[in-house]
Amino acid sequence: MNFVEELRWRGMLHDIMPGTEELLNKGMASGYIGFDPTADSLHVGHLTQIMTLIHFQRAGHKPYALVGGATGMVGDPSGKSAERNLLSEDVLQHNLNCVREQLKNFLDFNSGANSAEMVNNYDWFKNFTFLDFIRDVGKHITVNYMMAKDSVKKRLEGDTGMSFTEFTYQLVQGYDFYYLWKHKSCVLQMGGSDQWGNIVTGTEMIRRKEGGEAFALTTQLIKKADGTKFGKTESGAVWLDPARTSPYQFYQFWLNTTDADAKSYIRIFTLFDRHTIEAMEAEHDAAPHLRVLQKALAKDITIRVHGEAEFLKAIKSSEFLFGNAGIEFLNELNDGEVLDLFNGVPNFSVAKSEFKAGINATELLAGKSAVFPSKGEAKKMIQGGGVSVNRVKVNTPEDVYTSAQLINGKFLVVQKGKKNYFLIVAE
RNA sequence: GGGGAGAUACCAGAGCGGUCAAAUGGGACGGACUGUAAAUCCGUUGCUUCGGCUACGAAGGUUCGAAUCCUUCUCUCCCCA
């Protein structure tokens, strides 16, 4: 199966320039996707692009992952309704290094002719002067053409306006494509559907500047079945960096996928072939409560992002927290084992003396720890019946906790709602 | 440059001198149901030492009392030139 067919049956393909498929069928080609270093970690939203590059490489082509050291300094207006704040150079540099390290985990950089490569557009922009740029690049693209782009049009129609800097963005990205086409024989740029305009500016620039031919392909924007944004949880974005989103939380995020979404995600975020996926779906439809799809999905992605060992830990924690094992089970573990089990669960330490004296629920959960941001909120949630300590519902905000309740003389397991666990450690 | 409209909680949007911590809808969170699903129903949605405190673009003022009236400022939108 070729690359485009692969994306097609997986439901990832959004738009493709005529001739792209024919070109790829002729043999190994080079293509790239750009990643903007807007934060020091990628998040699950970037996984679609990562998977696209993986498929590209598996189909025998040569993938380039571009990190936008230069474009990141400008700010992509696509999909943004307001002007973006510029990042300072050192923050950008830091982000860039982090993102680059993450990307390294997903592609094969040592597979002969089609080894993946990493490039940074800052390398070819740092010595490019403004005058050279407007003469060599700007001259080939009309302002009329640039203004016709959706990303620009929306901002011109809107009320926030757009700076010259952001307006220029598409030229900068377009030049990336030209540069890679010229120097790396890169004939295809891929990206999310919001990147179509920017990518086409690149192919246009290649044509007008050198009469060359280059292609574009975009992937579907991932949305949940209910139309809300993908990749967000109560506590914000789901990051690939374990310091920001623990492997346990990461695993839980995927495990909690709804049935409707699981069927599309399993195609997009895993490499299982069509037969395997269809078989899993049949199994899932026959016994949906077993959540075959969610488990396979969560396992596959967690392993790809965090590795087998972290996945096993996440499973172990999940099985304990959501399984049948009573809280007494913890008594059989030593401190290290308990901490290990709760690895990835937010934890707070509270002085042991507080428990000797006895501490009431609100003070414990909102004062001495940060399970809740304020005492008012802790109270409300307790009164609404949404808080448990050691699997026992907290009845009133005045419930008192003493050393007697500490598991192993040290731990308290707090639940906010059904799914959010916290560990309080008395020290 | 001239004229007009507006700025309210996460968002949209009512309120136009006291009974307003502020209608309503959405979102978010919690509860019930369930499969750690969806749908549905219900509740919560400024902080608090529970005395109060801080809030309706910002700063002043009038008043016993202001989100509501006045002045200045900042920003946004619309029309004319």
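Proteins get letters first, then strands, A, B, ... in listed order; numbering begins at 1 in each.
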Notebook entry, point to check: Under 4.0 Å between a side-chain N or O of A:Lys375 and OP1 or OP2 of B:U49?
Noted result: yes
Note to self: Both distances below 3.5 Å, Watson-Crick or wobble geometry, any strand: find the nucleotide opposite B:C20.
What the structure shows: none
Item checked: Ring-ring centroid check A:Phe342 A:Phe411, cutoff 6.0 Å -> no
Checklist line | Side-chain ion pair, A:Lys316 and A:Glu337, N-O less than 4.0 Å | finding: no
Next item on the list: Could you check if the base of B:G57 is syn or anti? Syn means the glycosidic torsion is within 90 degrees of 0.
Entry: anti
Next item on the list: Hey, which sits more toward the 5' end of RNA chain B by its nearest nucleotide, A:Lys416 or A:Lys379?
Entry: A:Lys416
Next item on the list: Describe, in one word, how the ring planes of A:Tyr179 and A:Tyr175 are oriented to each other, choosing from parallel (under 30°), tilted (30 to 60°) and perpendicular (over 60°).
Entry: tilted
Check: With a distance cut-off below 6.0 Å to the six-membered ring centre and an angular limit of 45° from the axis, does A:Lys375 pair with A:Phe372 as a cation-pi contact?
Finding: no
Item checked: Gap in Å between the two P atoms, one belonging to B:G43 and one to B:U54, rounded -> 32 Å
Notebook entry, point to check: OP1 or OP2 of B:G46 less than 4.0 angstrom from a side-chain nitrogen or oxygen of A:Ser374, does that happen here?
Noted result: no
Check: So does A:Lys380 get a side-chain nitrogen or oxygen closer than 4.0 Å to the phosphate oxygens (OP1/OP2) of B:C47?
Finding: yes
Margin query: Between the side chains of A:Glu5 and A:Arg8, is the shortest nitrogen-to-carboxylate-oxygen separation below 4.0 Å, so that they form an ion pair?
Written below: no
Note to self: Closer than 4.0 angstrom, basic N to acidic O: yes or no for A:Lys263 and A:Asp259?
What the structure shows: no
Next item on the list: Please determine, for B:U76, whether a Watson-Crick or G-U wobble partner exists with both distances under 3.5 Å, and give it or none.
Entry: B:A5
Checklist line | Residues touching RNA chain B, which here means a heavy atom under 4.0 Å, drawn from residues 299-316 of chain A | finding: none
Check: Roughly how far apart, to the nearest Å, are B:G35 and B:U44 at atom C1'?
Finding: 26 Å
Notebook entry, point to check: Does the A:Arg244 side chain pair with the main chain of A:Trp239, one donor and one acceptor, at a distance under 3.5 Å?
Noted result: no
Item checked: Side-chain heavy atoms of A:Phe230 within contact of A:Asp261, under 4.5 Å -> no
Find every protein N or O atom lying less than 3.5 Å from an N or O atom of nucleotides 32-41 of chain B, and list the pairs.
unit_1: B:U34; atom_1: O4; unit_2: A:Lys418; atom_2: NZ; d: 2.3
unit_1: B:G35; atom_1: O6; unit_2: A:Asp259; atom_2: OD2; d: 3.3
unit_1: B:G35; atom_1: N1; unit_2: A:Asp259; atom_2: OD1; d: 3.2
unit_1: B:G35; atom_1: N1; unit_2: A:Asp259; atom_2: OD2; d: 2.8
unit_1: B:G35; atom_1: N2; unit_2: A:Asp259; atom_2: OD1; d: 2.7
unit_1: B:U36; atom_1: O2'; unit_2: A:Asn256; atom_2: OD1; d: 2.3
unit_1: B:U36; atom_1: O2; unit_2: A:Gln252; atom_2: OE1; d: 2.9
unit_1: B:U36; atom_1: O2; unit_2: A:Asn256; atom_2: OD1; d: 3.3
unit_1: B:U36; atom_1: O2; unit_2: A:Asn256; atom_2: ND2; d: 3.4
unit_1: B:U36; atom_1: N3; unit_2: A:Gln252; atom_2: OE1; d: 3.0
unit_1: B:U36; atom_1: N3; unit_2: A:Gln252; atom_2: NE2; d: 3.3
unit_1: B:U36; atom_1: O4; unit_2: A:Gln252; atom_2: NE2; d: 3.4
unit_1: B:A37; atom_1: OP1; unit_2: A:Lys419; atom_2: NZ; d: 3.1

Next item on the list: Give a yes or no on whether a salt bridge exists between A:Lys104 and A:Glu101, defined as a side-chain N under 4.0 angstrom from a carboxylate O.
Entry: yes
